[in-house]
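Here's the structure, in structure tokens; my notes come after.
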Amino acid sequence: MFVYADNAATTAMSKTAADAMLPALRELYGNPSSLHQKGREANYALMDAREAVAKCLNAEPREIYFTGCGTEADNWAITEAARMGAEKGKKHIISDAIEHHAVLHTLKRLEKQGFEVTYLPVHEDGLVRLDELKAAIREDTCLVTVMYVNNEIGTIQPIREIGAVCREKGVLFHTDAVQAVGHIPVDVIADNIDMLSLSGHKFHAPKGVGALYCKKSIKLKNFIEGGAQERGKRGGTEAIPAILSMAAALKESCENLEENMAKITAMRDKLIAGLSKIPNSRCNGDPEHKAPGVVSFCFEGIEGESLLLRLDLAGICASSGSACTSGSLDPSHVLLALGMPHEIAHGSLRLSLCEYNTMEEVDYILQQVPEVVKTLRQMSPVWMHMLEKMPDPYKEG
Ligand SMILES: *Cc1c(COP(=O)(O)O)cnc(C)c1O
């Protein structure tokens with residue numbers, strides 16, 4: 001059996017996304033800036049796509065800026081908010097310890113440039129606390145950036161409440177919503193969001209396209225100098241096929257949101273219940289405020305990497321944490337921020353589902369993972385060491 005359970009890293013393109021992209025690749029080759037009919041044709045399609053994306057977020061089309069990826073949208077939003085803050089003498093930013101590297105590394109660069117960043121702790125459940133946010137806001141705070149859904153453990157932050165605090169204090173609020181848009185309801189008005197990043201390939205659109213939502217009252221400066229594209233703020237001829245495909249994929253995801261969420265949540269809950277039966281295991285992140293598709297576990301006494309290789313041999317594509325940090329031997333910064341000891345954080349497994357997965361696949365995962373974990377433990381010196389201090393959970397009676 002083959003199971004793709006790494007949808008938080010990237011998703012397969014949907015038929016809808018491909019159907020929107022292929023004719024655009026073949027026929028919509030006009031440059032949207034050209035005045036002739038081929039140009040106008042592409043421009044109208046672009047306008048429709050912008051409107052569709054805006055509608056899914058409860059935004060206005062002019063508040064949507066297409067970008068090359070989610071990372072670019074994060075970089076743009078944070079860099080711009082910092083620049084606007086610095087103009088008013090405000091050089092303090094608030095974020096948290098479990099952000100994606102697109103956010104964390106942008107903040108690191110700003111710190112080198114003289115900004116001060118407060119990283120809110122996330123507690124064992126992976127959630128930021130509103131009272132701690134309130135206490136961290138200062139006169140010179142120019143930006144709060146907190147992700148909507150965490151890509152490693154799936155926790156959903158109290159975005160609406162965080163946004164309300166920021167509104168009350170007059171501080172800009174950006175959220176990296178790459179794992180939220182297309183997965184759970186997102187409404188920039190109701191959620192009090194000023195800026196939001198999204199990425200197509202996390203909801204069945206192709207890689208290499210994303211968007212930044214920026215509230216119309218905010219005067220964004222140009223991010224890429226060039227032509228008049230994206231209201232002059234992000235030059236470069238628009239990636240029409242990718243943008244149309246992303247709009248179609250997002251529209252489809254939003255139309256089927258409730259149905260997909262119910263289906264994915266049922267699979268997720270079965271996975272969590274099954275994996276919890278493995279001795280010395282723990283499920284990471286708050287059980288209640290959790291995205292439908294992300295399951296994160298730690299198994300004591302084993303290495304996440306060996307677990308992944310064995311699962312791969314069994315046909316299961318999973319991840320130890322985020323795709324971006326794999327390849328490095330350091331345990332995930334997210335799991336460490338939950339207060340987890342290094343040796344346990346090493347034995348992590350992330351399974352991320354989408355609406356294309358099936359209960360049969362979940363059953364297969366639940367048949368494979370406990371066996372692989374058991375086998376690896378039998379070869380693990382760390383596990384042997386642990387057995388000196390506890391009864392062997394695999395021994396009967
Ligand atoms: C995938 C991801 C990104 C990066 O998006 P790209 O389009 O791959 O650049 C940013 N933030 C989060 C939370 C993500 O999961």
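Here the structure is a predicted model, which means the values were calculated and not measured. All heavy atoms count here, side chains included; hydrogens, waters and symmetry mates do not. As the structure lists them, so they are numbered: ligands from 1, and atoms in each ligand from 1.
Each of the atoms 13 (C), 14 (C), 15 (O) of ligand 1 lies under 4.0 Å from some heavy atom of Gln179. Annotation for ligand 1: atoms under 4.0 Å from non-hydrogen atoms of Cys69 are 6 (P), 7 (O), 9 (O). When each atom of ligand 1 is checked for a heavy atom of Lys202 under 4.0 Å away, the hits are 1 (C), 2 (C), 3 (C), 14 (C), 15 (O). Ligand-side atoms of ligand 1 in range of His201: 6 (P), 7 (O), 8 (O), range being under 4.0 angstrom from any heavy atom. For ligand 1, the atoms lying closer than 4.0 Å to a non-hydrogen atom of Met147 are 13 (C).
In Lys207, neither the side chain nor the backbone holds a heavy atom less than 4.0 Å from any atom of ligand 1.
In this structure, Glu116 pairs ionically with Arg138, as a charged nitrogen and a carboxylate oxygen lie closer than 4.0 Å. We find that Glu87 and Lys221 are joined by a salt bridge, their nearest charged nitrogen and carboxylate oxygen being less than 4.0 Å apart. Salt bridge annotation for Arg129-Asp131: absent, with no cationic side-chain nitrogen under 4.0 angstrom from a carboxylate oxygen. Using a 4.0 Å cut-off between charged side-chain N and carboxylate O, Lys374 and Glu371 make no salt bridge.
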Subject >> Step-by-step salt bridge (Lys or Arg N to Asp or Glu O under 4.0 Å) determination, Asp140 to Lys88 >> reply: CA-CA 9 Å; Asp140 63 342; Lys88 295 184 209 143; over 6 Å; no

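Which of Asn75, Thr67, Asp176, Thr175 comes nearest to atom 11 (N) of ligand 1 through a heavy atom is settled by distance: it is Asp176.
Geometrically, ligand 1 and Asn151 share no nitrogen or oxygen pair separated by less than 3.5 Å. For ligand 1, the polar-atom distance check against Val178 finds no nitrogen or oxygen pair separated by under 3.5 Å.
Linking ILVMFWY side-chain heavy atoms closer than 4.5 Å, directly or via other members, places Val188 and Val146 in a single hydrophobic cluster.
In this structure, Lys233 forms no cation-pi arrangement with Phe223, as its terminal cationic atom is not both closer than 6.0 Å to the ring centre and no more than 45° off the ring axis.
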